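Values below: all heavy atoms of this structure, side chains included; hydrogens, waters and symmetry mates excluded. Residues: numbered from 1 along the sequence shown. Only a predicted model underlies this, so the values are computations on that prediction, with no experimental measurement involved.
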Amino acid sequence: LSSSSTLDISAQTIGTAGTFTFDGTNNRETLEIGLISASEVSLIFGDLSDGFSAGIINTNSFSLYGGDGANFSANIGMLNISDSDFSLIMPELGNGLTINSLIFNGSGTISGTNQSDFVSASSLSMAGGFFGLTFDMGEDSSVDTLAYSNGFGKEFITILNFDSGEDRL
């Protein structure tokens with residue numbers, strides 16, 4: 001799916017056994033989706049995109065690139081990544097990242113914005129397994145929060161730009 005729209009895009013459900021890719025590099029508004037279910041989800045936004053919102057995303061592999069714009073924000077109710085590594089790269093000057101429930105079964109990278117970012121994450125690591133999570137909270141004076149629940153395997157968590165006076169674990 002590709003968009004160069006100056007209108008908001010909204011969909012209730014997107015389901016496929018294959019890959020769902022949204023190329024919104026030329027999109028100027030928001031993308032709102034109730035449910036995405038696909039083996040691989042790739043979301044690419046441009047510098048003029050305003051935001052992304054999803055209720056539930058169920059996938060094996062996930063990537064989100066929020067562009068470099070100053071208005072972009074992302075809000076995801078539940079993100080289930082069952083099989084692979086993941087990346088969520090937000091624009092540094094963006095308007096915030098909120099993930100109310102991230103459940104993952106692989107290593108991942110999250111880069112936040114210079115506004116308040118909130119991620120509640122739970123690992124599904126098993127005994128003998130190893131996962132890594134890197135969360136860059138951004139160089140800012142906003143409150144960033146990581147709520148983390150580990151699995152049963154070895155986990156290495158790296159938090160960059162954590163400010164003990166503002167940020168929370």
Return yes if some donor-acceptor pair links the side-chain N/O of [X] with the main-chain N/O of [Y] below 3.5 Å, else return no.
X    : Y    : result
S42  : T21  : no
S111 : I89  : no
S107 : G132 : yes
S61  : E40  : no

For the residue pair [X] and [Y], what are the closest heavy atoms and their distance?
X    : Y    : answer
S49  : G24  : OG-O, 3.4 Å
S142 : N114 : OG-O, 3.3 Å
E155 : S125 : OE2-OG, 2.5 Å
I81  : L102 : CD1-CD1, 3.9 Å
P91  : G69  : CB-O, 3.4 Å
A17  : S39  : O-OG, 3.2 Å

Same hydrophobic cluster for [X] and [Y], using side-chain heavy-atom links shorter than 4.5 Å among ILVMFWY?
X    : Y    : result
L79  : I14  : yes
L97  : Y148 : yes
L64  : L48  : no
V143 : F162 : no
L35  : I103 : no

Task: Worked check of side-chain contact (heavy atoms from CB on, under 4.5 Å) between L160 and F135 - done: CA-CA 6 Å; L160 304 173; F135 183 16; over 6 Å; no
Approximate separation, where rounding is to 0.5 Å, of [X] [atom1] and [Y] [atom2]:
X    : Y    : atom1 : atom2 : result
I57  : I33  : CD1   : CD1   : 7.5 Å
D117 : N95  : CG    : CG    : 10.5 Å
D68  : Y65  : CG    : OH    : 4.0 Å
R168 : D163 : CZ    : CG    : 11.5 Å
L146 : I110 : CG    : CD1   : 7.0 Å
I76  : T98  : CD1   : OG1   : 9.5 Å

Open item on the list: Counting the benzene-type ring for Trp, do F131 and F156 have ring centres under 6.0 Å apart?
Closed with: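 Ring-ring flag for F131/F156: false, centres at least 6.0 Å apart.
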Open item on the list: Would you say the rings of F104 and F86 are close, in the sense that their centroids are separated by under 6.0 Å?
Closed with: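 F86 vs F104: aromatic centres under 6.0 Å.
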Open item on the list: Set out, in order, the CA-CA distance, both residues' side-chain angles and the distance that settles side-chain contact (heavy atoms from CB on, under 4.5 Å) for D47 and F72, then state yes or no.
Closed with: CA-CA 8 Å; D47 298 345; F72 188 79; over 6 Å; no
Task: Contact check, side chains of F52 and L43, non-hydrogen atoms, under 4.5 Å - done: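 Sidechains of L43 and F52: in contact.
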Task: Sub-4.5 Å side-chain heavy-atom contact between L31 and F22 - done: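 Contact flag for L31/F22 side chains = yes.
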Donor + acceptor pair across side chains of [X], [Y] (<3.5 Å):
X   : Y    : result
E32 : S53  : no
D23 : T25  : yes
S82 : N105 : no

Task: D136: partners by side-chain hydrogen bond (donor to acceptor under 3.5 Å, both in side chains), with sequence neighbours left out - done: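 Once residues adjacent in sequence are excluded, the partners of D136 under the side-chain hydrogen bond (donor to acceptor under 3.5 Å, both in side chains) criterion are N161.
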TODO: Please say whether more than 12 non-hydrogen atoms of neighbouring residues, nucleotides or ligands are located less than 6.0 Å from CZ in F130.
DONE: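 Yes - once you tally the heavy atoms of other residues, nucleotides and ligands closer than 6.0 Å, there are more than 12.
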Task: Over 12 non-hydrogen atoms of neighbours within 6.0 angstrom of CD in E92 - done: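 Open.
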TODO: Please report the C-alpha distance between N100 and S120 in whole Å, then the side-chain angles of each, then the deciding distance to 0.1 Å, and finally whether the side-chain contact (heavy atoms from CB on, under 4.5 Å) criterion is met.
DONE: CA-CA 5 Å; N100 292 319; S120 178; 5.9 Å; no
Task: From Q115, M137, E166, residue fulfilling side chain to side chain contact (heavy atoms under 4.5 Å, CB included) relative to D144 - done: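 Of the listed options, the one satisfying the test is M137.
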